[in-house]
Asker: 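The structure's right below; bear with me while I get my questions together.
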Amino acid sequence: MNPTDRPRNCLYRDIERVVVPREEIAARVADLGDRLAREYVGRELTIVAVMTGSLIFLADLVRRLPLRLRLVLIAVCSYPGKSTASQGPRFELPDADWAGQEVLVVDDILDSGQTMAALVEAIRSRGAAGVRTCVLLDKRRNDLPDRREPDYHAFTVDNEFLVGYGLDYDNLYRNLPDICVLRRGEDLP
Ligand code: IMP
Ligand code: MG
């Protein structure tokens, strides 16, 4: 935890510990952006970003990409309200022209992989030329051997519920600059 934030940011009262501090996030997101910039150099890219969790990651990542790219934001809801277990992904893809496009799906975290699998399948079935996946966090799920790994990720994390840098609990804590574990409490998971 950045000690200078503790007195100023009341959100830290609900935080048990910081898992990835902001400096480490910035460094790894920059490296990931540079890698993607090399891989897609000279090509046009459509980024499908899963809202709202990927919002902050996306904003940092795309500014590292000196490419012609289009952004498509889609809302996927798997954890309505105070759920901390996925209720299954629900989303609608816009009626864009997907045929022949190189698509990169960006999300905050790959947990069960259901969200990504459903999105990749939906985009492929609309005729995209290639669909790859990119997440900030890859959750260790040794219990799911058939889960499809992301093509790109910044960090691997333990299987625990995280908030901050876009990740939420009940739509709160997205604005925490660090990735954190919540303190257990009455209204917390
Ligand atoms: P999956 O479909 O199980 O891979 O879940 C992915 C989605 O669930 C992500 O888009 C996140 O929004 C949400 N999610 C999974 N784990 C966490 C977490 O630890 N904190 C907050 N959101 C999470
Ligand atoms: Mg999400």
Side-chain angles (χ1 to χ4, degrees), residues 1-2 4-26 28-29 32-33 46-63 71-94 104-120 122-123 133-141 144 147 150 152-189:
M1 191 177 306
N2 185 336
T4 56
D5 268 4
R6 278 190 224 168
R8 284 195 296 117
N9 190 339
C10 65
L11 292 176
Y12 283 99
R13 286 184 210 139
D14 298 344
I15 294 309
E16 184 180 294
R17 70 195 143 82
V18 171
V19 174
V20 192
R22 63 197 73 179
E23 298 80 7
E24 235 175 279
I25 300 172
R28 292 292 282 275
V29 170
L32 181 57
T46 299
I47 292 187
V48 173
V50 182
M51 291 293 110
T52 307
S54 72
L55 176 69
I56 295 173
F57 174 44
L58 176 77
D60 285 342
L61 188 68
V62 292
R63 285 178 290 173
L71 283 181
V72 176
L73 307 184
I74 60 161
V76 180
C77 179
S78 316
Y79 287 57
K82 297 183 181 180
S83 339
T84 56
S86 174
Q87 312 291 307
R90 280 170 294 167
F91 61 87
E92 267 178 48
L93 271 189
L104 183 69
V105 186
V106 172
D107 201 358
D108 51 359
I109 186 164
L110 192 86
D111 184 4
S112 72
Q114 281 184 58
T115 305
M116 273 301 188
L119 276 168
V120 167
I123 297 165
T133 59
C134 173
V135 291
L136 175 72
L137 306 173
D138 183 10
K139 236 186 217 187
R140 255 182 223 105
R141 291 295 303 259
L144 297 175
R147 191 189 73 151
Y152 306 95
H153 70 279
F155 298 97
T156 302
V157 290
D158 287 340
N159 186 5
E160 56 190 346
F161 196 80
L162 301 172
V163 295
Y165 195 71
L167 291 105
D168 74 305
Y169 170 64
D170 195 18
N171 212 12
L172 292 168
Y173 306 107
R174 295 193 195 276
N175 54 323
L176 273 171
D178 310 298
I179 296 166
C180 306
V181 170
L182 281 175
R183 213 158 45 78
R184 294 202 171 260
E186 255 174 45
D187 199 36
L188 302 175

Asker: Look at the rings of F161 and Y169 and say which category their plane angle falls in: under 30° parallel, 30 to 60° tilted, over 60° perpendicular.
Answerer: perpendicular

Asker: For D111, is there any backbone N or O sitting under 3.5 Å from a side-chain donor or acceptor partner on R147?
Answerer: yes

Asker: Counting only N and O atoms by type, is there a donor-acceptor contact under 3.5 Å from the side chain of D170 to the main-chain atoms of L172?
Answerer: no

Asker: To the closest 0.5 Å, what do you measure between CG (L144) and CG (L110)?
Answerer: 9.5 Å

Asker: Measuring from D60:CG to L55:CG, what's the distance to the nearest 0.5 Å?
Answerer: 10.0 Å

Asker: Which value, rounded to the nearest 0.5 Å, describes the distance between I25 atom CD1 and L137 atom CG?
Answerer: 8.0 Å

Asker: Between L73 and L58, does the side-chain contact (heavy atoms from CB on, under 4.5 Å) criterion hold? Intermediate values first, please.
Answerer: CA-CA 10 Å; L73 307 184; L58 176 77; 3.9 Å; yes

Asker: According to salt bridge (Lys or Arg N to Asp or Glu O under 4.0 Å), who are the partners of R28, at least two apart in sequence or on a separate chain?
Answerer: none

Asker: Please determine which of I123, T46, I47, I74 meets the side-chain contact (heavy atoms from CB on, under 4.5 Å) test together with V105.
Answerer: I123

Asker: Check the pair L61, Y152 against side-chain contact (heavy atoms from CB on, under 4.5 Å), reporting the backbone distance first and the verdict last.
Answerer: CA-CA 12 Å; L61 188 68; Y152 306 95; over 6 Å; no

Asker: Considering all heavy atoms of both residues, which atom of N9 and which atom of P177 are nearest to each other, and what is their separation?
Answerer: ND2-CD, 4.4 Å

Asker: What pair of heavy atoms forms the shortest contact from V76 to P89, and how long is it?
Answerer: CG1-CB, 3.9 Å

Asker: From C134 SG over to F57 CZ, what is the distance, rounded to the nearest 0.5 angstrom?
Answerer: 4.0 Å

Asker: Under the side-chain contact (heavy atoms from CB on, under 4.5 Å) rule, what do I179 and L136 come out as? Steps first, then yes or no, please.
Answerer: CA-CA 11 Å; I179 296 166; L136 175 72; 3.7 Å; yes

Asker: Rounded to the nearest 0.5 Å, what's the gap from CG on L182 to CZ on R17? Could you check?
Answerer: 10.5 Å

Asker: Looking at N159, D158, T156, which hits side-chain hydrogen bond (donor to acceptor under 3.5 Å, both in side chains) with R140?
Answerer: D158

Asker: To the nearest 0.5 Å, tell me how far R174 CZ sits from N171 CG.
Answerer: 4.5 Å

Asker: Going through the checks in order, is the side-chain contact (heavy atoms from CB on, under 4.5 Å) test met by V181 and I15?
Answerer: CA-CA 6 Å; V181 170; I15 294 309; over 6 Å; no

Asker: Looking at R183 and E16, would you say the former's side chain and the latter's main chain have a donor-acceptor pair under 3.5 Å?
Answerer: no

Asker: So, does K139 use its side chain to make a donor-acceptor pair with the main chain of E160 at under 3.5 Å?
Answerer: yes

Asker: Would you please name every residue forming a side chain to side chain contact (heavy atoms under 4.5 Å, CB included) with D107, sequence neighbours left out?
Answerer: V50, S54, T115, M116, V135

